Amino acid sequence: MMYGGCLAVVLLSLCVAAFAALDAQGFEDYTGFMLVRTTLQTQEHVDLVDNLGLDVWSDSSMAHIGDMDIMMTKDDLLAMMDSGISVRVINHDVGALVRNERARIQSSPAGIRHTPSLVGAHASSFYAEYHPSSAIFTYLQTLAASFPRLVRYITTIGTTIQGRPIPALVITGPIQNPNKKKIFIQGLQHAREWISPAVVTYIAENLATQYATDPEVAALLDNTEFHFIPLLNVDGYNFTWTSTRLWRKNRRLNTGSTYGVDLNRNWDGVNWCEYGASKTPSSDTYCGTAPFSEPETTASSGYFRNNGPFVGAVDYHSYSQLVLRPFGYGQVTPPDEADLKAVGDEYAAIILRQTQVKYISQPGWQLYLTTGGVRDWWKGYMGIKLAYTVELRPAEGASNGFVLPPDQIAPTAQENWAAFKYFAKQAISA
C-alpha cells in the first residue's frame, strides 16, 4: 500500500533496527513477527504505534484512527492489548510466510525462475510465478523483438542510485496518426509490492499480442501511444530478492548509515513532506532531502516531461484493492472531480462484475493524507486529466499481505487489464 510504513515521524529509528537479524542464507529473518489487524480508537493508540516503530502494511484509517494491518512481535502485541487496543492476529508467523515463498521460488525449475516464456500463446506461464528484475526485463525485450512494429524497448531512461538502468517500453499501432494521445503506466515504486510489475507487464503484453485479433485493442493502439515504466525501484526490488523481502524504499545510503528514500514521497507537491511522510531517514516513509532528490523519481519525471503531454496515468501498487484519485495532500476537490470519480468508480465496477473482487474508488485524502506522491504531481503539477493510484490484491485484513501467492498473479492482472482498457478509452476521449 502507498503508506505501508512506520507511523512515527520522530522515533522511527526503531523501524529499521527491528529487522537486523539475518538467517543462515543471508536473508532477513522475520522469525517472531506476526501480522495483526488492529483498530486504533484514540490518539494515544496512534502514539503507541508511533513509539513502537511498527511496520504498517495496510491502513484504511482516517488520520490513523481506525483499522490497520501491522507487523509486530509478541511483545508489541501485548503492549497494544495492555493499552486497550483491539487486535486480531491474522498471521501468526510472517517468518514462515517469507521463508515458504523463498523456498518455493528456489525450488522452481530454472527456466521458470529466470527465463521468460514465449510471448503469445504460451505467455500465461510467465504469470505462474514472480520473477527477478533481469527476467522481467528479458521478457519485455522478447515482447519488443516479437512485435517490432508495435513495441519499442528503451534500455534506460536513467539509472538508479546504485547505477542500474531503468528500462521503459513504448507500445503503439503502426498507423501514422499525428493526433495520437499518450498514456503513462508505472509500476513498483515500493520494492516489496511484487504484484505491481507483474500487472504492468501483463497489460503491456496484452496490448501487443491482441492488436491483430481484438478490434478494441487495435483501436486503442491506432489512436494511443502507451508508455510503460514497469519497474521503477530496481535497486529496492533486487534487494527484496537477495536480502530483505519486505523492504520498501530505494537503496540510497542516508546520513546516519540508514538506507532508503520512499520514492512515492519524493515527488514535488503542495505541502511536500508534511503529511503521511517523514523527514527521519530511518523511516519507511522518508521523503528524502528535497523533491526529486532521488535518481529514480528524477528519471521518471524527466521522461514524463520530455515525452508528453499525457492524457492519463496510472501508478500500480499493493495492497488493499483501491482506486485512488487526486488529491492526497489535503481535502481539496479538483475542478473535474465528477469525471475522475466516474472513471475511478467504473474501473472498480468492471473488476467487481468480472471477478466479484471488490475494489473501492475514493479520493486519496479520504484514505489518509499523503504528500510527495506521484498521483498529485501528475494532476496538480502536470495537469493530467485522469491520474490514479491503483492498489492491487489482496484486500485489507488478508493473512499474506505483500506476499501474495503466485496463483493470484494472473487473476489480479486479468481483472486490471479489463478495467485498464476502459480507463484508456476514457483518457483518450476526455
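Just so it is clear, the structure is predicted and the values come from calculations on it, not from any experiment.
R265 places a side-chain N or O within 3.5 Å of a backbone atom of G276 that can act as its donor or acceptor partner. Put simply, the side chain of N264 never gets that close to the backbone of G373: no donor and acceptor are under 3.5 Å apart. At least one donor-acceptor pair closer than 3.5 Å links the side chain of N233 to the backbone N or O of Q189. Side chain of T138 to backbone of S134: a donor-acceptor contact under 3.5 angstrom is found. In terms of modelled atom types and a separation under 3.5 Å, the side chain of D93 and the main chain of A96 share a donor-acceptor contact. With hydrogens and angles ignored, the 3.5 Å screen pairs a side-chain donor or acceptor of Q356 with a backbone N or O of R353. No donor-acceptor pair closer than 3.5 Å links the side chain of E225 to the backbone N or O of T172. Judged by distance alone, with hydrogens and angles left aside, the side-chain atoms of D376 form a donor-acceptor pair with the main-chain N or O of G328 at under 3.5 Å. The backbone N or O of E129 sits less than 3.5 Å from a side-chain atom of H131, completing a donor-acceptor pair. In this structure, W247 contributes its side chain and K249 its backbone to a donor-acceptor pair below 3.5 Å.
W57 and F402 have tilted rings, their planes meeting at an angle from 30° to 60° on a 0 to 90° scale. Ring geometry for F126 versus Y139: interplanar angle under 30°, hence parallel rather than tilted (30 to 60°).
No more than 12 heavy-atom neighbours from other residues, nucleotides or ligands sit within 6.0 angstrom of CZ on R152.
Taking the ring centre of F27 as origin, the terminal cationic atom of R102 falls inside the region bounded by 6.0 Å and 45° from the ring axis. For the pair R325 and W365, the cation-pi test (distance below 6.0 Å, angle within 45°) is failed. In this structure, R305 is positioned above the aromatic face of F292, its NZ or CZ under 6.0 Å from the six-membered ring centre and within 45° of the axis.
Using a cutoff of 4.0 Å between basic side-chain nitrogens and carboxylate oxygens, K279 and E274 are scored as salt-bridged.
A 4.5 Å side-chain heavy-atom check between D315 and R375 finds every atom pair outside the cut-off.
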* Full working for side-chain hydrogen bond (donor to acceptor under 3.5 Å, both in side chains) between D75 and T73 -> CA-CA 5 Å; D75 288 343; T73 65; 5.1 Å; no

